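What you see is a predicted model, and the numbers here were worked out from it, not measured in a lab.
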Amino acid sequence: MKIALSPDLHCFYASRYDVTDKSGQSVRKKEWKKIAWKLYSTCKENDVDVLVAPGDFFVNPKPTAEQILLVSTMLRAFEKTGIKVLGITGNHDVGGAGSTSMDEVVAEIGRNRKWCYTSFDTTVLGEGDDAVGFAFLPFVKAPELVAYNPDFASKEMSDRLIAVSGELFEKLGDVKTKILVGHWSIQGAVTSSGKTMEATLSGAETVLPKGDLIRQGWNACLFGHIHVPQVLSDKQNNGPFIAYSGCFQRINIGEANDARGFYIYDTDTEEYSFHNLPAIPMK
């Protein structure tokens with residue numbers, strides 16, 4: 001099975017470095033649509049089976065109707081081509097407690113819940129030896145973690161998430177290939193500023209220990225949240241494929257040196273490739 005790890009969509013940064021062209025259209029919107037088309041066409045050319053959208057569909061929890069329709073149209077195009085879409089919520093998508101995520105509205109438009117999981121869950125695509133199990137670790141507020149299992153209430157957020165991840169792994173049972181999809185920081189990931197994510201006691205950022213994910217036995221961990229495309233582990237170092245594809249657009253000048261593209265991962269060969277996307281350079 002070929003899986004494309006989409007960058008964070010962040011549809012689209014109209015208030016960041018935006019200008020209008022001669023026809024009065026937002027340059028940033030045109031850029032986003034161009035990137036979406038390139039992602040779609042490249043996936044078709046490479047016979048991708050599944051597109052994973054690992055959170056942050058939008059810039060904030062209150063996108064415009066146009067932004068909701070743009071994302072819905074993009075995901076529907078993949079499905080019509082025969083490419084399954086699996087998505088989760090990111091930290092930019094989640095509003096106040098009890099509020100509906102606009103990602104859920106996208107899923108309702110597509111009449112497909114799998115477009116956006118907002119809670120911990122699993123699904124299996126394919127049958128027999130070709131089956132691939134996916135587990136979802138979307139961004140959630142701390143109270144939702146407590147509600148999932150009150151026994152975790154006294155532990156650190158990362159510890160709770162690792163415990164949930166382990167439960168999801170067991171829930172997938174005898175499925176040969178198991179993939180974790182999440183929207184969190186992983187230990188060792190490098191941000192646009194050059195900072196390496198490490199576990200801290202401040203609680204400012206929830207960081208999942210990479211070693212714990214590896215020990216759980218995942219074949220791949222496909223994550224969103226960090227905007228620098230990077231591979232944290234692969235079969236060359238005897239580990240699972242752990243990666244971030246980054247972000248659709250360069251959000252600000254601090255991301256000027258970040259590549260823009262996405263990974264395609266083959267579960268049969270455990271090989272992967274990086275494909276560039278036409279984001280506007282920042283200088």
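Counting only distance, with no hydrogens or angles, the side chain of D234 and the backbone of Q236 share a donor-acceptor pair below 3.5 Å. Judged purely by atom type and a 3.5 angstrom limit, K30 has no side-chain atom pairing as donor or acceptor with the backbone of T20. Between the side chain of R250 and the backbone N or O of D258, at least one donor-acceptor pair lies under 3.5 Å. Panel note: side chain D56, backbone H92; a donor-acceptor pair is recorded below 3.5 Å. Q230 places a side-chain N or O within donor-acceptor distance of the main-chain N or O of V228, the cut-off being under 3.5 Å. At least one donor-acceptor pair under 3.5 Å links the side chain of D93 to the backbone N or O of G90. The backbone N or O of V85 sits less than 3.5 Å from a side-chain atom of E79, completing a donor-acceptor pair. Remark: the backbone N or O of C11 is paired with a side-chain donor or acceptor of Q67 at under 3.5 angstrom.
If you look at Y40 and F78, their ring centroids are closer than 6.0 Å.
Residue-environment remark: NZ (K171) exceeds the threshold of 12 foreign heavy atoms within 6.0 Å. More than 12 non-hydrogen atoms from other residues, nucleotides or ligands lie less than 6.0 angstrom from CG of D21. More than 12 non-hydrogen atoms from other residues, nucleotides or ligands lie less than 6.0 angstrom from NZ of K2. Shown here is E45, whose CD atom has more than 12 heavy atoms of other residues, nucleotides or ligands within 6.0 Å. Around atom NZ of K176, no more than 12 heavy atoms belonging to other residues, nucleotides or ligands sit under 6.0 Å away. Other residues, nucleotides and ligands place more than 12 heavy atoms under 6.0 Å from the CG atom of N60.
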Inset, instruction - Take T206 and L161 through the test side chain to side chain contact (heavy atoms under 4.5 Å, CB included) and record every step on the way to the result. - result: CA-CA 9 Å; T206 300; L161 287 166; 3.7 Å; yes

Inset, instruction - Any chance you could lay out the side chain to side chain contact (heavy atoms under 4.5 Å, CB included) test for V50 and I83, step after step, and finish with the verdict? - result: CA-CA 5 Å; V50 180; I83 299 173; 5.5 Å; no

Legend entry - CA sep, side-chain torsions, deciding dist, call: L172, W218, side chain to side chain contact (heavy atoms under 4.5 Å, CB included): CA-CA 11 Å; L172 286 170; W218 298 101; 4.0 Å; yes

Inset, instruction - With ring pair (Phe, Tyr, Trp, His ring centres under 6.0 Å) as the test, would you mind laying out the steps for F248 and H10 before giving the verdict? - result: CA-CA 7 Å; F248 253 45; H10 282 292; 9.4 Å; no

Inset, instruction - For E31 and R28, run salt bridge (charged side-chain N to carboxylate O under 4.0 Å, His left out): C-alpha distance rounded to whole Å, both residues' side-chain angles, the deciding distance at 0.1 Å, then the answer. - result: CA-CA 5 Å; E31 176 194 16; R28 292 289 257 170; 3.0 Å; yes

Inset, instruction - Check the pair L70 / W32 against side chain to side chain contact (heavy atoms under 4.5 Å, CB included), numbers first and verdict last. - result: CA-CA 9 Å; L70 277 173; W32 191 92; 4.0 Å; yes

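Of the residues I226, V207, L232, the one that meets the side-chain contact (heavy atoms from CB on, under 4.5 Å) test with I186 is L232.
Between F120 and V140, some side-chain heavy-atom pair lies under the 4.5 Å cut-off. By the 4.5 Å heavy-atom criterion applied to side chains, V59 and I251 are not counted as neighbours. For the pair Y117/T89, no side-chain contact is recorded, criterion being any heavy-atom separation below 4.5 Å from C-beta on. Counting only heavy atoms from C-beta outward, the side chains of K62 and M102 never approach each other to under 4.5 Å. Within the 4.5 Å cutoff, no side-chain heavy atoms of V132 are placed close to those of V124. Side-chain contact between V48 and I264 is present, with heavy atoms from C-beta onward closer than 4.5 Å. S41 has its side chain out of reach of K44: every pair of non-hydrogen atoms, C-beta onward, lies at least 4.5 Å apart. Counting only heavy atoms from C-beta outward, the side chains of R260 and P7 never approach each other to under 4.5 Å.
Rounded to the nearest 0.5 Å, atoms CZ (F262) and CG (L5) are 9.5 Å apart. Going from atom CD1 of I3 over to atom CD1 of I179 covers 3.0 Å, rounded to the nearest 0.5 Å. Rounding to the nearest 0.5 Å gives a distance of 9.5 Å between CD1 of I88 and CG of D103. Once rounded to the nearest 0.5 Å, the distance linking CG of L277 with OG1 of T42 reads 6.5 Å. Atom CG of residue L39 and atom CG of residue L51 lie 5.5 Å apart, to the nearest 0.5 angstrom. Atom CZ of F136 and atom OG1 of T118 lie 11.5 Å apart (nearest 0.5 Å).
Ring orientation note: the planes of F241 and Y265 are close to parallel, at an angle under 30° on the 30°/60° scale. Ring geometry for F223 against Y244 counts as perpendicular: the plane angle is over 60°, on a 0 to 90° scale with 30° as the lower cut.
Of all heavy-atom pairs spanning D268 and M1, the tightest one is OD2-N, 3.3 Å. The two residues S185 and M197 come nearest to each other via the heavy atoms OG-CE, 3.8 Å. Contact record, S192 with G254: CB-O, 3.7 Å, taken as the closest heavy-atom pair. Annotation for P54 and S6: closest pair CD-O, 3.2 Å, computed over non-hydrogen atoms. Between A220 and P240 the shortest heavy-atom distance is N-CB, 4.2 Å. The minimum heavy-atom distance linking H275 with S273 is given by the pair NE2-OG, 2.8 Å.
For the residue pair K210 and S233, no side-chain donor N or O sits within less than 3.5 Å of a side-chain acceptor on the partner. Side-chain contact check for N219 and T177: no donor-acceptor pair (N or O, by modelled atom type) lies under 3.5 Å. Using modelled atom types and a 3.5 Å distance limit, the side chains of Q216 and S165 yield a donor-acceptor pair. At a cut-off of 3.5 Å, with distance as the only test, no side-chain donor of Y272 or D266 sits close to an acceptor on the other residue. For the residue pair W184 and S158, no side-chain donor N or O sits within less than 3.5 Å of a side-chain acceptor on the partner. A donor-acceptor contact closer than 3.5 angstrom links the side chains of N91 and H225.
Hydrophobic clustering keeps L180 apart from V231 (ILVMFWY residues linked when any side-chain heavy atoms are closer than 4.5 Å, directly or through intermediates). Follow the hydrophobic side-chain contacts under 4.5 Å out from L86 and you never reach V105; the two are in separate clusters. Using a 4.5 Å cut-off between side-chain heavy atoms of Ile, Leu, Val, Met, Phe, Trp and Tyr, with links allowed through other members, F57 and L69 fall into the same hydrophobic cluster. L222 and F169 are assigned to two separate hydrophobic clusters, defined by single-linkage of ILVMFWY side chains at heavy-atom distances under 4.5 Å. Connection of L137 to V181 is not established within any shared hydrophobic cluster, with ILVMFWY side chains joined at heavy-atom distances below 4.5 Å, either directly or through further cluster members.
Relative to the six-membered ring of F134, K178 misses at least one condition, a distance below 6.0 Å or an angle of at most 45° to the axis.
A salt bridge does not link E104 with R113: none of the charged nitrogens is closer than 4.0 Å to a carboxylate oxygen.
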